[in-house]
Amino acid sequence: MRPACAEPSYSSAGSRTRCSSSCVSNGGTRTTETIRLAESEPLDLDATLGCGQAFRWRRDGGRWEGVVDGRCIRLSQRGGLLHYSGSDEPFVRHYLALDLDLDRLLAAIDRDPVIEAAIDRSRGLRVLRQPLFECLLSFLCATNTNIPAVQSRVEAIAGVWGEPAVGDENVRAFPSSTALRHATEDDFRACRLGYRAPYARSAVTAICSDPSWEGELSAVPHDEARARLMALPGIGPKAADCILLYALGHLDAFPIDVWIRRILARHYLPDLDTGTLSPSRYEAARSFGRDRFGAHAGYAQVYLFNARDLLCRD
DNA sequence: CAGGTC
DNA sequence: CCTGG
């Protein structure tokens, strides 16, 4: 049960647009409803859920199943029809950022042939609006590892401390920081966090020690939020930039992971090619991204990342 | 080795 | 560095 003050604003009346219509099409225990996407609401659901920005989505045939905010949600897309169950339209629209004028945004970041190729590759890919704490712990789990391993850790954490999800009791919600308050380092090791276990434990303690931490982080400006994130153990510049982009809505955040580094080195910054990515080199790459792509550089980052096979091959 | 961090 | 894919 969540306190009323934690209710995000997406549920406010008036968030629906005239362009959408929905209808009940299934008489089971779960009802599947449909959002009719307008021409001005491009969406590539597969790219959005599969690109590695969130870790609790699984493709089951043509359908995606995931857990967000304690609810088991299923999504599928056929052209301009977006089918959903386990949630309501305002939430789905908010989570998928369907209110964002993507065409206008993509036009704004489309500044050279490289990014243009990336945009052509997966137009309709959107940056999700993820719950903060889950996103934070997920990227703390994501250092020096691969995506399947991160998924496995996140699932394990939910399996131990998460409450049964609404819509499917066999699935677990991702726990709040409070629910993890008494989790020990060994508990996190048992979730296969390895050397990240003490970081996770300390980060949870730090967050729990200040009940207003999460709320303030959402209210504070980009640079201040970044500094507060990086003050947590296990959260460096890369993880912080991912959290800023995926959970805090700072669309100018530009995380530098190994793939973005390769792409920048190959097409923009030859000097970035070799050696360790020191903090100052990280900053140089990051500010290059923000300067080149502007206020929505984070979208450019996601599109470049999703086109990494295209942009890194010789 | 893998979408870094201390 | 932990450790799984």
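All of these numbers come straight from a predicted model, not from anything done at the bench. Each chain gets a letter, A, B and so on, in the order its sequence line appears, and its residues count up from 1.
Counting any heavy atom pair closer than 4.0 Å across all strands shown, A:I263 reaches no nucleic acid atom. In this structure, A:G236 reaches the sugar-phosphate backbone alone: every heavy-atom distance under 4.0 Å involves primed, P, OP1 or OP2 atoms, never a base. Residue contacts shown for A:A239 are limited to sugar-phosphate atoms, with no base heavy atom under 4.0 Å away. At the heavy-atom level, A:I235 lies under 4.0 Å from the strands shown only through sugar-phosphate atoms. The residue A:P255 sits apart from the nucleic acid: no heavy atom pair falls under 4.0 Å. Within the nucleic acid shown, A:F305 comes within 4.0 Å of at least one base atom, counting heavy atoms only. As judged by a 4.0 angstrom heavy-atom cut-off over every strand, A:C191 is placed among residues making no nucleic acid contact.
In terms of position along DNA chain C, the nucleotide closest to A:N144 lies nearer the 5' end than the nucleotide closest to the other residue of the pair A:A149 and A:N144. With DNA chain B read from its 5' end, the first of the two nearest nucleotides for A:D257 and A:L232 is the one closest to A:D257.
B:dC1 atom C1' lies 12 Å from atom CH2 of A:W259, rounded to whole Å. In this structure, OH of A:Y199 is placed 15 Å from C1' of C:dT3, rounded to the nearest angstrom. The interatomic distance linking A:R189 (CZ) with C:dC1 (P) rounds to 13 Å, in whole Å. Atoms CG (A:L140) and P (B:dG3) sit 17 Å apart, rounded to a whole Å. Protein atom CG of A:D241 is 14 Å distant from nucleotide atom C1' of B:dT5, rounded to whole Å. Rounded to an integer number of Å, the gap from A:I147 CD1 to B:dC1 C1' is 15 Å.
Under the 4.5 Å side-chain criterion, counting only non-hydrogen atoms from C-beta, A:P175 is not in contact with A:E163.
Residues A:F139 and A:F55 bring their aromatic ring centres within 6.0 Å.
Aromatic ring orientation, A:W161 versus A:F188: tilted (interplanar angle from 30° to 60°). By the 30° and 60° cut-offs, the orientation of the rings of A:Y199 relative to A:Y195 is perpendicular.
A 3.5 Å limit on both hydrogen-bonding distances identifies no Watson-Crick or G-U partner for B:dG3.
Taking the side chain of A:T143 as heavy atoms from C-beta on, and the options B:dG3, B:dT5, C:dG5, the nearest nucleotide is B:dT5. In this structure, of C:dG4, B:dA2, B:dG3, it is C:dG4 that holds the atom nearest to the side chain of A:R192. Nearest nucleotide to the A:P148 side chain, out of B:dG3, C:dG5, C:dG4: C:dG5. Here C:dC2 is the nucleotide among B:dC6, C:dC2, C:dG4 with the atom lying nearest to any side-chain atom of A:Y195.
Between the side chains of A:R201 and A:T205, a donor-acceptor pair is found at a separation under 3.5 Å.
In terms of polar N and O atoms assigned as donor or acceptor, the side chain of A:R196 never comes within less than 3.5 Å of the base of C:dC1 in a complementary pairing.
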